[in-house]
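The structure under discussion appears below in the form of structure tokens.
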Amino acid sequence: MIIQFICRAILLGVPLLYGSTGEIVTEKSGHLNLGIPGIMYTGAISGVVGSFIYENACGNDLSRMNPLLAVLIPLLCAIAGATLMGLIYSFLTVTLHANQNVTGLALTTLGIGLGNFLGASLINITKSELPSIALTKTSSFFSAKLPFADNLGWFGELFLSHDFLTYLAIIIALVVSFVLNRTRVGLNLRSVGENPATADAAGINVIKYRYLATCIGSAIAGLGGLQYVMAYATGVWSNNAFGDRGWMAIALVIFALWKPSMAIVGSFLFGALCNANNYIQGLGTETQELFKMLPYVVTIVVLIITSMRKKREHQPPANLGLNYFREER
Amino acid sequence: MDRQPAIELKNITKRFGKVVANKDVNLTAYRGEILSILGENGSGKTTLMNMISGIYFPDEGQIFIDEKEAVITSPKDAFSYKIGMIHQHFKLVDVFSATENIVLGLEDGKYNLKTSTEEIKKISAQYGFDLDVDKKIYTMSVSEKQTVEIIKVLYRGADILILDEPTAVLTPQETEKLFNILRRMRDDGKCIIIITHKLHEVLSLSDRVSVLRKGEYVGTVNTAETTESELTEMMVGKKIELNIERDEPKNTEDRLVVNGLTCVDRMGATVLDDVSFTAKSGEILGIAGIAGSGQRELLESIAGLQHLAKGEILYLNPKTNAIENLRDKTPMQIRNMGVRLSFVPEDRLGMGLVGNMDIVDNMMLRSYSKGHSVFLKRKKPKDLAMRIIRDLEVVTPSASTPVRRLSGGNVQKVLVGREIAASPTVLMVAYPVRGLDINSSYMIYNLLNEQKAKGVAVIFVGEDLDVLVELCDRIMVIGSGRITGVVDGRTTTKEEIGLLMTKSKQEGENANG
């Protein structure tokens, strides 16, 4: 029971981990990308479109599908879709100096609208009775487990039974953490988010770093959308099912104090909190809704504690949300 | 002596829109010398240097480095020509350590903070710097930050160093230390260019002086062959008297008595610690101290803008002889008590005036509570605005120009004019001449002297010790939120004040260590 609860929490937490790792990369460059919900949604629908096309090309026959391609096509589609969104965001904010909050919110609206449009179109093509598309075949490749996981009891279930995107999420978070703290690129990126004028004077290409951080961050976030459809929802896409996961990913960034390694722990905690209502007996629907508030409450508590501890290292990047103009000083 | 030109500028012109920041500037700096670039605020010194360091690109003209033409389009290019600039506003990342800041942006070699640290220590030892490389910038003093900036450019192998107003925030002792380091670098064959508007520094440090005026190059003289008044004339374009009058205070009586003022900021640090002093009518009380030692909090406490942990602020009303405690009163309450307090804050367009509003509306900010009708009556504030524009020679297209479009000096005149028009009994001014040209500065000094003659208790927070010593009757020195001494303006020296400025800091360090 407990093992199952934890596994469920991890499964729920992984999209948030992708989203917040991506957002951390972006925010470290000083750009507050509130388009993350839309970007994750776009990543999800792009993956769905990719796998839909591939499944159809194989005549919807599982035996004719190449496992590698079945995984790779949606994966690349999700990355491409999300990166494109990141590119729009960075072009508007970095090059055209548009307000970051407004651009981000617009992108969220765009991403969700686009996702629903494409989703509805696919449903139309399949002439399905249900308002959803089932890509269970592709999903089966995504959630393939290690063959010996089942033989190892609770250990296997807890650590080895997850889909590969879950492990990838953790690896990406750890790599990002290492890059940020231990490499020159990380130092440069952090300086761009803290004080772009300083970075500029030090010869760092602020524009390049901001573009790359936003696009790479978006690509990572897009994978979160894909993981949601392929692993959590077992390949079933229905419009708006993604919910408020994108916003929760942004809350998780604050909870994690802009540290990807903290985001790993935080995402599982958020996953557990989201899921707790299902494990408590006899809750009315209205109480269940109240439970959904928990991740945000925890975030606020963390905010209060960190602002009381007054450590500068725990504050957001100093230039977060501010565009950089070189000649305007 | 065979001198090698390190850097030559030929016919450099730079425009920002319609404004010409630099026009046809020619300049040469040699290796093994310290060259001062002298000019008033807004004369284009910093713009010129920014073109050498790659922040701006000249519209016309050429730059030669070691007698070869150089195209510097970015700070990176500047590094490759071994040019390093130490900006007036430090370009450091607050949450990084000294080492991280120093290696920031470098691309050669492996990223290894340990070996970098060793190298930084070597450079420190060579030139006599004193630096804790692991310290985070936000815990550093201004002088330490400057040290980091200088080592940063040395670490990159710079042999042309440009320093923009390096002494603006230093105590005389720290300045002397910096100058010794600069001299050591010069003797090491480096070319040092220092931007400044302080004449005595030019004379004591540099080998040659180049003067800019309104973006144009005026000329270069050897420091040994020039005088302060010649330089001023070159800088301003006409002869001006550089003496501040100081009459003996008349009919002084206690006006404001501050007892045991203690103030804690939001981060929990004590910014004012048991501050006690008396401001008297008819005299100018100077407040000297390193920037950020609690000057702002002190003035804001008196103005009713700071919450106090302890202490009292007593105002002796000259009309009623009543004694009022201003502690924990809002500015409105203070005004309603009949206390005529005027405050010229250092943040002119933030706290003093509203940038997007015109001069008339800004006048009304101070008297808005006088009207009783729903509609505004603009007659009186308009008259006042016109009077200030006329009396203080404010350069503005009209009284309905938004103040943010005025130059720094004119903004300050509007603000000081408004505060004086309220005929205060206590006038507090913080850094009133920061960013002002010489003429405007002396006008402000004269206004303060007029107020003093009228029997106003003037409290003057300043940064230029030369001015404080010339203008003030008494000078109170503040260090890390504590009063470290009160000296007589007529008998004290800059060095004495400088020592007092760092006194409590050293004591504090001893107590901690």
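Residue numbers begin at 1 in each chain, while the letters A, B, ... track the order of the sequences.
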Checklist outcome for this item: Ordered numerically, the heavy-atom neighbours of chain A under 4.5 Å found in residues 159-167 of chain B are none
Checklist entry - Do you know which of Leu106(B), Leu113(B), Val103(B) has the most heavy-atom pairs with chain A at a distance under 4.5 angstrom? => result Leu106(B)
Checklist outcome for this item: On a heavy-atom basis, the closest approach of Arg156(B) and Ala202(A) is NH2-CB, 4.2 Å
Checklist outcome for this item: Applying a strict 4.5 Å limit to non-hydrogen atoms, the region of Ala318(A) in contact with chain B is neither
Checklist entry - Where do Pro75(B) and Ala201(A) come nearest, in terms of heavy atoms and distance? => result CB-O, 3.2 Å
Item to check | 4.5 Å side-chain heavy-atom contact, Tyr111(B) and Val185(A) | outcome: no
Item to check | Sequence neighbours excluded, every pair satisfying salt bridge (charged side-chain N to carboxylate O under 4.0 Å, His left out) that has a member inside residues 197-207 of chain A | outcome: Asp200(A)-Arg326(A)
Checklist outcome for this item: Interatomic distance, CZ@Arg184(A) vs CG@Leu104(B), rounded to 0.5 Å, equals 10.0 Å
Item to check | NZ (Lys135(B)) with more than 12 external heavy atoms under 6.0 Å | outcome: yes
Checklist entry - Taking the side chain as C-beta and beyond, is there a heavy-atom pair between Glu194(A) and Asp94(B) under 4.5 Å? => result no
Checklist entry - Is the number of heavy atoms from other residues, nucleotides or ligands under 6.0 Å of Lys145(B) NZ greater than 12? => result yes
Checklist outcome for this item: Honestly, the part of Ile204(A) sitting under 4.5 Å from a heavy atom of chain B is side chain
Item to check | Partner of Ser191(A) under side-chain contact (heavy atoms from CB on, under 4.5 Å), chosen from Asn101(B), Val93(B), Val95(B) | outcome: Val93(B)
Next on the checklist: Let me confirm one number: the CZ-CZ distance from Phe96(B) to Arg190(A), rounded to the nearest 0.5 Å.
Outcome noted: 4.5 Å
Checklist entry - Just wondering, more than 12 heavy atoms not from Ile207(A) lying within 6.0 Å of its CD1? => result no
Next on the checklist: Please report the interatomic distance OG1(Thr198(A)) to CD(Glu149(B)), rounded to the nearest 0.5 Å.
Outcome noted: 7.5 Å
Checklist entry - Take atom CZ in Arg404(B); do more than 12 heavy atoms of anything else shown fall under 6.0 Å from it? => result yes
Checklist entry - With no hydrogens and no angle check, is any side-chain donor or acceptor of Asn195(A) less than 3.5 Å from a backbone partner on Leu92(B)? => result yes
